[in-house]
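The structure under discussion appears below in the form of structure tokens.
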Amino acid sequence: MCLAFPAKVVDVKDSLATVERSGVKRPVSLMLLPDAKPGDFVLVHAGFAMQFIDEEELKLRDALVAEMNGAPRTVTELKNV
């Protein structure tokens, strides 16, 4: 199974961005999000930035992943489901 992961854009050069997630930086294509700029949060899948997300969505996704890995439940309500 493949999942998209949220990351922060830290640098953009032409149609490639460097994104950071948990201290790890990696290059991703911006072919699908050409308007992305440093500071934006994006979902990355298969090396492509696929969708913009806001910081609240990033925190919610991180909390859900933590719960799946055994952390105490913190998410009690989901918006836009």
Side-chain angles (χ1 to χ4, degrees):
M1 173 171 62
C2 297
L3 297 173
F5 67 90
K8 184 176 184 177
V9 176
V10 294
D11 189 38
V12 174
K13 289 185 182 167
D14 301 321
S15 63
L16 288 177
T18 300
V19 298
E20 186 269 331
R21 170 78 179 155
S22 300
V24 177
K25 293 181 181 178
R26 63 182 58 208
V28 298
S29 172
L30 293 178
M31 289 179 65
L32 301 173
L33 293 177
D35 296 333
K37 60 190 178 311
D40 288 340
F41 293 97
V42 295
L43 286 180
V44 177
H45 175 69
F48 288 86
M50 311 262 310
Q51 177 182 341
F52 289 106
I53 62 171
D54 59 24
E55 193 166 5
E56 182 178 328
E57 177 74 12
L58 174 107
K59 289 177 183 177
L60 175 64
R61 287 173 181 270
D62 284 347
L64 289 170
V65 169
E67 286 179 19
M68 289 189 299
N69 288 321
R73 185 169 188 83
T74 59
V75 178
T76 57
E77 183 177 321
L78 298 176
K79 298 177 184 176
N80 302 322
V81 176

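Keep in mind that the numbers below use all heavy atoms, side chains included, and drop hydrogens, waters and symmetry copies.
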Check: Heavy-atom distance under 4.5 Å between the side chains of R61 and L64, does that happen here?
Finding: no
Margin query: Quick check on the hydrophobic clustering: are V9 and F41 connected, directly or via other members, by side-chain heavy-atom contacts under 4.5 Å?
Written below: no
Checklist line | Cluster check M50, M31: I/L/V/M/F/W/Y, side chain < 4.5 angstrom | finding: yes
Check: Which heavy atom of A4 sits nearest a heavy atom of H45, and at what distance?
Finding: CB-CB, 4.0 Å
Checklist line | Nearest atoms (heavy-atom pairs only) where L32 meets A49 | finding: CB-O, 3.6 Å
Margin query: Once side-chain hydrogen bond (donor to acceptor under 3.5 Å, both in side chains) is applied, what residue pairs with a partner in residues 14-29 remain, sequence neighbours excluded?
Written below: R21-D62
Margin query: So which atom in V44 and which in V19 form the shortest heavy-atom distance, rounded to 0.1 Å?
Written below: CG2-CG2, 4.4 Å
Check: Got a sec, which residues hit salt bridge (Lys or Arg N to Asp or Glu O under 4.0 Å) with E55, two or more places apart in sequence or on another chain?
Finding: none
Margin query: Same cluster or not: F5 versus L58, using hydrophobic residues (I, L, V, M, F, W, Y) connected whenever any side-chain heavy atoms lie under 4.5 Å apart?
Written below: no
Margin query: Give me the atom names and distance for the closest heavy-atom approach of I53 to P6.
Written below: CD1-CB, 3.6 Å
Notebook entry, point to check: Considering all heavy atoms of both residues, which atom of L33 and which atom of F52 are nearest to each other, and what is their separation?
Noted result: CD2-CE1, 3.6 Å
Notebook entry, point to check: Of all heavy-atom pairs between V12 and A36, which one has the smallest distance, and what is that distance?
Noted result: CG2-O, 3.8 Å
